[in-house]
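Working notes, beginning with the structure itself.
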4 protein chains.
Amino acid sequence: MKRNPPVIPSVVKDQRLVKERRQQIVEGAVRLFIKKGFHKTTTREIARACGLSIGTMYEYIQSKEDVLYLVCEYIHTELETRLRKSLYESDTARDSLRKCVENLFYTVDEMSSLIVLIYQEAKSLPKELMSYVLQKEEEITGIFENILIKGMEDGTLSVDENTVKLMAHDIMVIGEMWAFRRWALKRHYTIDQYTKRQMALILDKLIPREG
Amino acid sequence: MKRNPPVIPSVVKDQRLVKERRQQIVEGAVRLFIKKGFHKTTTREIARACGLSIGTMYEYIQSKEDVLYLVCEYIHTELETRLRKSLYESDTARDSLRKCVENLFYTVDEMSSLIVLIYQEAKSLPKELMSYVLQKEEEITGIFENILIKGMEDGTLSVDENTVKLMAHDIMVIGEMWAFRRWALKRHYTIDQYTKRQMALILDKLIPREG
Amino acid sequence: MKRNPPVIPSVVKDQRLVKERRQQIVEGAVRLFIKKGFHKTTTREIARACGLSIGTMYEYIQSKEDVLYLVCEYIHTELETRLRKSLYESDTARDSLRKCVENLFYTVDEMSSLIVLIYQEAKSLPKELMSYVLQKEEEITGIFENILIKGMEDGTLSVDENTVKLMAHDIMVIGEMWAFRRWALKRHYTIDQYTKRQMALILDKLIPREG
Amino acid sequence: MKRNPPVIPSVVKDQRLVKERRQQIVEGAVRLFIKKGFHKTTTREIARACGLSIGTMYEYIQSKEDVLYLVCEYIHTELETRLRKSLYESDTARDSLRKCVENLFYTVDEMSSLIVLIYQEAKSLPKELMSYVLQKEEEITGIFENILIKGMEDGTLSVDENTVKLMAHDIMVIGEMWAFRRWALKRHYTIDQYTKRQMALILDKLIPREG
DNA sequence: GATGAATGAGCATTCATTCAT
DNA sequence: GATGAATGAATGCTCATTCAT
């Protein structure tokens with residue numbers, strides 16, 4: 001069952017201002033979290049980085065964990081938006097998959113620090129917020145699940161019904177792997193090579209058997 | 001270039017004692033790190049959990065990060081040992097791969113909290129220790145790389161030379177994914193189903209073209 | 001020497017408005033002070049409770065301590081008003097005392113949280129305001145002092161001149177004790193029993209010796 | 001039902017040391033609480049006043065409220081000890097009462113700031129600790145209750161059975177009143193006068209009716 | 001007169017590490 | 001080699017008050 005996004009309460013009422021300031025906060029915090037990690041970043045540093053006084057910052061959040069949540073939400077929104085962009089451009093599901101996976105790989109490349117951030121820090125979220133973040137992760141995986149289902153329908157992709165979800169997760173993880181294993185992969189592959197080869201592996205498996 | 005394992009200095013000289021006590025420390029710390037994470041676990045808690053006084057514990061380590069390193073090393077050693085167990089039992093590389101991948105999946109299942117722990121906390125290691133941990137991760141990946149190379153030689157596996165490393169990483173990550181995506185995967189697959197289906201996907205790609 | 005009530009400056013000039021708004025503030029604050037104490041109540045909470053914005057509230061006071069003073073003054077005014085109500089109804093001083101003491105006990109019963117509030121929080125007032133509050137307390141005690149003096153004059157009460165003040169304070173404190181020891185007294189006495197028995201003790205001492 | 005004294009946990013195990021350090025803490029804190037009140041005293045000030053570092057102080061308490069409890073307990077213990085001192089010296093209950101009340105008055109005089117402290121700050125204790133403090137207050141009141149009961153038995157004091165508890169509370173409150181109304185009483189009475197006159201009032205009421 | 005966003009000094013508390021015994 | 005009391009810098013967070021609108 002789909003859960004509504006958690007509401008982070010703020011003292012300030014003006015919703016336009018809340019949105020604007022929170023964007024500021026996220027921008028400041030992301031940089032710091034990437035560089036030092038969530039726990040080693042202090043609230044004072046975040047405040048300084050986003051140009052607010054510590055008191056003002058706390059008018060827009062309730063705790064440091066809220067900042068982490070806002071950051072995770074921002075990353076997921078950004079990721080989802082980018083992935084959905086290449087979604088409706090293709091005729092066949094096979095073609096759609098190719099485009100979306102390619103898009104995934106290049107997006108992960110550009111957002112790699114952010115992807116890693118979620119992998120490493122989401123665990124520090126309070127339960128309620130964490131489970132929403134996980135749900136979001138699943139929704140994003142759902143993008144690929146849907147393409148695979150379409151491919152089953154239009155006959156351009158060959159997947160077992162029971163393997164659809166698995167394949168979708170595989171694709172996501174193979175994509176994100178470029179972020180969290182980049183220390184090893186970068187020494188042997190460029191993002192272009194990575195994309196081309198992984199794409200081949202993925203699509204090969206999905207060739208519909210002829211005849 | 002292969003680096004030697006970092007030496008964690010200890011005040012105590014008796015090497016047998018050092019090993020024994022550090023094993024104690026690791027056992028206490030692992031439980032806590034899994035439950036609360038590295039940062040939220042205090043050194044006092046670790047000392048209590050491993051039955052040493054805080055002062056005594058510090059005779060065997062130099063900092064809290066050292067404990068994290070010992071834990072990571074323990075996990076990697078355990079993982080590598082288990083993976084290598086199924087290594088030399090097979091005739092063909094293809095057969096060997098099948099066994100090792102299966103072993104990987106079931107091992108990840110049993111060690112899933114530990115796998116996740118490394119993913120989430122290794123970033124808190126000091127540079128020097130972290131890069132040794134990453135190297136270890138690569139060594140483990142090397143197990144599969146070697147099988148694939150053997151498969152190229154004995155003709156039982158079809159891999160492009162340039163894709164060997166990639167495939168090895170894919171296998172590792174598909175395996176570990178059962179740990180760090182278990183919140184989603186467990187709802188749809190048992191470890192047996194997961195193993196069977198992923199194995200099929202992996203091996204399909206590697207069928208040598210006949211004729 | 002009787003001091004004039006301290007003037008709490010306000011930015012707003014319209015005296016009618018000042019009085020009205022301050023009444024609002026007191027009503028909101030009293031509830032909160034009783035429930036959480038002065039220090040644990042925030043100015044924001046007071047503002048919310050009295051339906052003013054924090055900015056507007058500060059147009060009518062100068063500091064949080066001012067609110068406490070207004071509250072103390074309100075309580076004392078209320079107490080004094082109630083006590084004076086039963087003052088001029090009797091012929092003899094003895095009769096007057098009986099009525100006033102009874103009134104005191106029942107009034108303390110009804111205002112017990114307020115009485116306790118003054119006991120516990122008045123110390124947080126700035127010097128100047130505090131000493132006015134103490135003076136007010138003494139004025140209220142004076143009500144009983146006057147009755148006792150009248151009783152010396154009309155011969156219906158037997159008190160030593162040097163004991164008059166003491167007796168007046170005794171009466172006040174025995175009355176207020178029902179508020180600040182209610183946790184113990186309520187388990188053994190109703191307010192009716194308390195009133196009857198204390199009254200007996202007080203009046204017995206004051207029977208004029210005959211002959 | 002009599003409750004056991006709450007146990008304030010301490011990190012330090014050595015009970016002798018705990019007792020010693022807590023005594024230090026109480027001595028430092030009492031002075032500050034009297035001067036500035038509980039809320040306006042900072043933990044740093046307490047630490048400085050008792051000659052411990054802030055970290056060390058927190059090895060012996062768990063929160064600032066614990067300090068307040070220790071202070072209250074110290075005051076009550078001191079008070080009770082002093083009151084019990086004059087308890088077993090007399091033949092008749094009447095005589096005993098005289099001595100004990102006199103002792104009460106002079107003790108309150110010497111401890112007046114401490115008495116006031118409990119009146120004003122006990123409300124800031126957490127529920128559990130507060131109710132123990134109230135129980136202690138009742139136990140102390142019990143000293144006078146017992147004397148009155150003895151007086152009923154040996155015929156040297158005339159009290160109604162139903163008024164015993166009330167009288168005991170009256171005595172305590174009349175005694176403590178010298179502390180919390182000293183700003184008014186000191187202007188008119190010395191402690192000797194206060195004692196003599198209140199004693200007369202109390203004992204008069206308790207004269208057994210002859211014949 | 002009314003509003004409420006902004007401020008930042010100040011607070012209680014924690015915790016990795018040391019070192020005298 | 002073992003112990004655990006001592007340390008104090010550092011942290012997340014609060015809140016009375018102001019002032020531009």
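Each chain gets a letter, A, B and so on, in the order its sequence line appears, and its residues count up from 1.
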CD1 of B:I46 to CD1 of B:I61, rounded to nearest 0.5 Å, is 7.0 Å
Charged tip of B:K64 within 45° of B:F38 ring normal and under 6.0 Å
yes
Which heavy-atom pair separates A:I25 from A:C50 by the least distance, and what is that distance?
CA-CB, 3.8 Å
Does D:K19 have more than 12 heavy atoms from other residues, nucleotides or ligands lying within 6.0 Å of its NZ?
no
Euclidean distance, atom CD of residue A:Q62 to atom C1' of F:dC13 [Å, nearest integer]
12 Å
Exam field: side chain D:R22 to backbone D:Y60, donor-acceptor pair closer than 3.5 Å
yes
Any idea which heavy atoms bring D:V67 and D:A29 closest together, and the distance?
CG1-CB, 3.5 Å
Relative to the 5' end of DNA chain E, which residue comes earlier, B:S63 or C:M57, by the nucleotide with the nearest heavy atom?
C:M57
Enumerate the residues from residues 41-56 of chain B whose closest heavy atom to DNA chain F is under 4.0 Å, giving them by residue number; use none for an empty result.
B:S53, B:I54, B:G55, B:T56
Which atoms form the tightest heavy-atom contact between A:M57 and A:T43, and what is the distance?
CE-O, 3.6 Å
By the 4.0 Å heavy-atom rule, please label B:K13 as base, sugar-phosphate, or nothing.
sugar-phosphate
Along DNA chain F (nearest heavy atom to each residue), the more 5'-positioned of B:Y60 and C:F38:
B:Y60
Treating a pair as Watson-Crick (purine N1 to pyrimidine N3 plus N6-O4 or O6-N4) or G-U wobble (N1-O2 and O6-N3) with both distances under 3.5 Å, list the stems of 3 or more consecutive pairs that involve DNA chain F.
E:2-21 with F:2-21
Trace of the salt bridge (Lys or Arg N to Asp or Glu O under 4.0 Å) decision for B:K40 with B:E45
CA-CA 10 Å; B:K40 294 205 173 158; B:E45 287 173 316; over 6 Å; no
From the 5' end of DNA chain E to its 3' end, which nucleotides mark the outer limits of contact with chain C, defined by a 4.0 Å heavy-atom distance cut-off (strictly under)?
E:dG1 to E:dA5
Correct closest heavy-atom pair for A:M130 and A:A122 would be SD-O, 3.6 Å
Hey, which of A:T41, A:L68, A:V71 is the one that makes side-chain contact (heavy atoms from CB on, under 4.5 Å) with A:E121?
A:L68
Nearest nucleotide by nearest heavy atom, which residue falls closer to the 5' end of DNA chain E, D:K64 or C:V11?
C:V11
5'-most contact on DNA chain F (nearest-nucleotide basis), C:E59 vs B:L17, goes to B:L17
Whole Å only: how far is the NZ atom of D:K40 from the C1' atom of F:dC15?
14 Å
For the student: nearest non-hydrogen atoms of B:E128 and B:S131, plus distance:
O-OG, 3.2 Å
